[in-house]
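When a residue number appears, it is its place in the shown sequence, counting from 1. Just so you know, these numbers use all the heavy atoms, side chains as well, and skip hydrogens, waters and symmetry mates.
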Amino acid sequence: MDAKDMGTDLEEILISEDEMQARLSELAAQIDKDYQGKRPIVVGVLKGAVMVVADLLRKMHTETLMDWMAVSSYGSGTKSSGVVRILKDLDSDIQGRDVLIIEDIIDSGLTLSWLVTNLKARGAASVQIAAALRKKEAMKADLDVRYVGFDIPNKFVVGYGLDFAERYRNLPFVATLAPHVYQ
């Protein structure tokens with residue numbers, strides 16, 4: 001699937017497939033260096049992080065365990081309910097383990113902040129964050145994000161795992177969505 005298949009749904013491609021893959025290679029090298037001699041548990045946050053986890057781990061040389069969580073702070077709408085729910089929990093015991101959370105995008109960071117606290121409370125030896133994208137302007141939580149692919153403007157984006165109404169996840173690039181699609 002490419003931009004031509006989208007018709008008028010997209011406004012602008014912000015990060016091309018080549019740019020994303022090159023940046024993930026750089027992040028993988030840094031993660032390999034930082035986790036040398038360790039075997040971290042990578043926790044992908046569903047559903048959006050699937051693409052990032054798959055591509056990043058294939059570029060890494062560090063042996064990892066992979067697990068998944070799905071969390072939500074939204075009720076029935078687009079406003080946060082303020083309550084985080086675990087929709088799918090880890091299958092692994094993280095007690096005493098180094099954990100690397102991998103996210104597709106960080107918006108406000110509030111749910112991710114809750115997740116970091118939750119994993120630390122489970123006895124993780126360390127918890128670090130890697131994110132393909134971060135909207136610094138939108139962040140409301142004070143998060144130490146060790147690995148960031150790209151800082152992007154506070155716009156609605158899709159592709160590379162990011163969706164609108166479960167559409168556009170399979171685009172190999174990140175693009176802004178045209179307002180007529182979501183208004």
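The two residues Leu119 and Leu90 come nearest to each other via the heavy atoms CD2-CD1, 3.8 Å. Residue Asp98 comes nearest to Ser126 through the heavy atom pair OD1-OG, 2.6 Å, listed as atom of the first residue, atom of the second, then distance. For Pro40 against Thr62, the heavy-atom pair with the smallest separation is CD-CG2, 3.8 Å. In terms of heavy atoms, Ala141 sits closest to Gly109 at CB-O, 3.5 Å.
Listed by chain and residue number, Lys88 satisfy the salt bridge (Lys or Arg N to Asp or Glu O under 4.0 Å) test with Asp91 (two or more places apart in sequence, or in another chain). Looking at residues two or more places apart in sequence or on another chain, you find no side-chain hydrogen bond (donor to acceptor under 3.5 Å, both in side chains) involving Thr176.
Connection of Val99 to Val145 is established within a shared hydrophobic cluster, with ILVMFWY side chains joined at heavy-atom distances below 4.5 Å, either directly or through further cluster members. Ile31 and Ile41 are not part of a single hydrophobic cluster, where members link through side-chain heavy atoms under 4.5 Å apart. Under the 4.5 Å side-chain heavy-atom criterion for Ile, Leu, Val, Met, Phe, Trp and Tyr, Leu10 and Val181 are members of the same hydrophobic cluster. Taken together through direct or relayed side-chain contacts under 4.5 Å among Ile, Leu, Val, Met, Phe, Trp and Tyr, Leu143 and Val43 form part of one hydrophobic cluster. Under a hydrophobic clustering in which Ile, Leu, Val, Met, Phe, Trp and Tyr are joined whenever their side-chain heavy atoms come within less than 4.5 Å, directly or via other members, Ile13 and Leu177 fall into the same cluster.
The shortest side-chain heavy-atom distance between Asp34 and Gln128 does not fall under the 4.5 Å cut-off. The shortest side-chain heavy-atom distance between Asp107 and Ile105 falls under the 4.5 Å cut-off. Side-chain contact between Leu87 and Met69 is absent, with no heavy atoms from C-beta onward closer than 4.5 Å. Looking only at side-chain heavy atoms (C-beta outward), Val127 and Ile94 stay at 4.5 Å or farther from each other. For the pair Leu57/Ile102, a side-chain contact is recorded, criterion being any heavy-atom separation below 4.5 Å from C-beta on. Side chains of Trp68 and Val53 form a contact here, defined as non-hydrogen atoms less than 4.5 Å apart. Two residues are said to be in side-chain contact when any heavy atoms from C-beta on lie closer than 4.5 Å; Arg97 and Arg39 meet this criterion. Between Leu14 and Glu12, the closest side-chain pair of non-hydrogen atoms falls below 4.5 Å.
Rounding to the nearest 0.5 angstrom, the gap separating the NZ atom in Lys59 from the CZ atom in Arg23 is 12.5 Å. Note that CG of Leu112 is 9.5 Å distant from OG1 of Thr117, once rounded to the nearest 0.5 Å. A distance of 11.0 Å separates CD in Gln30 from OH in Tyr35, rounded to the nearest 0.5 Å. One finds the OG atom of Ser25 at 9.0 Å from the CG atom of Leu56 (value rounded to the nearest 0.5 Å). How far CD1 of Ile101 is from OH of Tyr147: 12.5 Å, rounded to the nearest 0.5 Å. To the nearest 0.5 angstrom, Asp32 atom CG is 5.5 Å from Met60 atom CE.
Counting heavy atoms of neighbouring residues, nucleotides and ligands inside a 6.0 Å radius, atom NZ of Lys47 does not exceed 12 of them. Counting non-hydrogen atoms of other residues, nucleotides and ligands closer than 6.0 Å to CD of Gln36 gives a total of 12 or fewer.
A salt bridge links Asp89 with Arg122: the closest approach of a Lys/Arg side-chain nitrogen to an acidic carboxylate oxygen falls below 4.0 angstrom.
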Requested in this report: Applying side chain to side chain contact (heavy atoms under 4.5 Å, CB included), run through Leu133 and Ile15 and close with a yes or a no.
Outcome: CA-CA 10 Å; Leu133 306 170; Ile15 302 164; 3.3 Å; yes
**Report entry** side chain to side chain contact (heavy atoms under 4.5 Å, CB included) between Asp9 and Phe164, intermediate numbers included
**Finding:** CA-CA 11 Å; Asp9 288 4; Phe164 174 70; over 6 Å; no
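Here the options are Leu100, Val45, Ile106, the test is side-chain contact (heavy atoms from CB on, under 4.5 Å), and the partner is Ile129; only Ile106 passes.
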Determine all donor-acceptor pairs shorter than 3.5 Å in which one atom belongs to a side chain in residues 155-162; sequence neighbours excluded.
residue: Tyr160; atom: OH; partner: Met51; partner atom: O; Å: 3.4
residue: Tyr160; atom: OH; partner: Asp55; partner atom: OD2; Å: 2.7

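Remark: the backbone N or O of Ser92 is paired with a side-chain donor or acceptor of Asp67 at under 3.5 angstrom.
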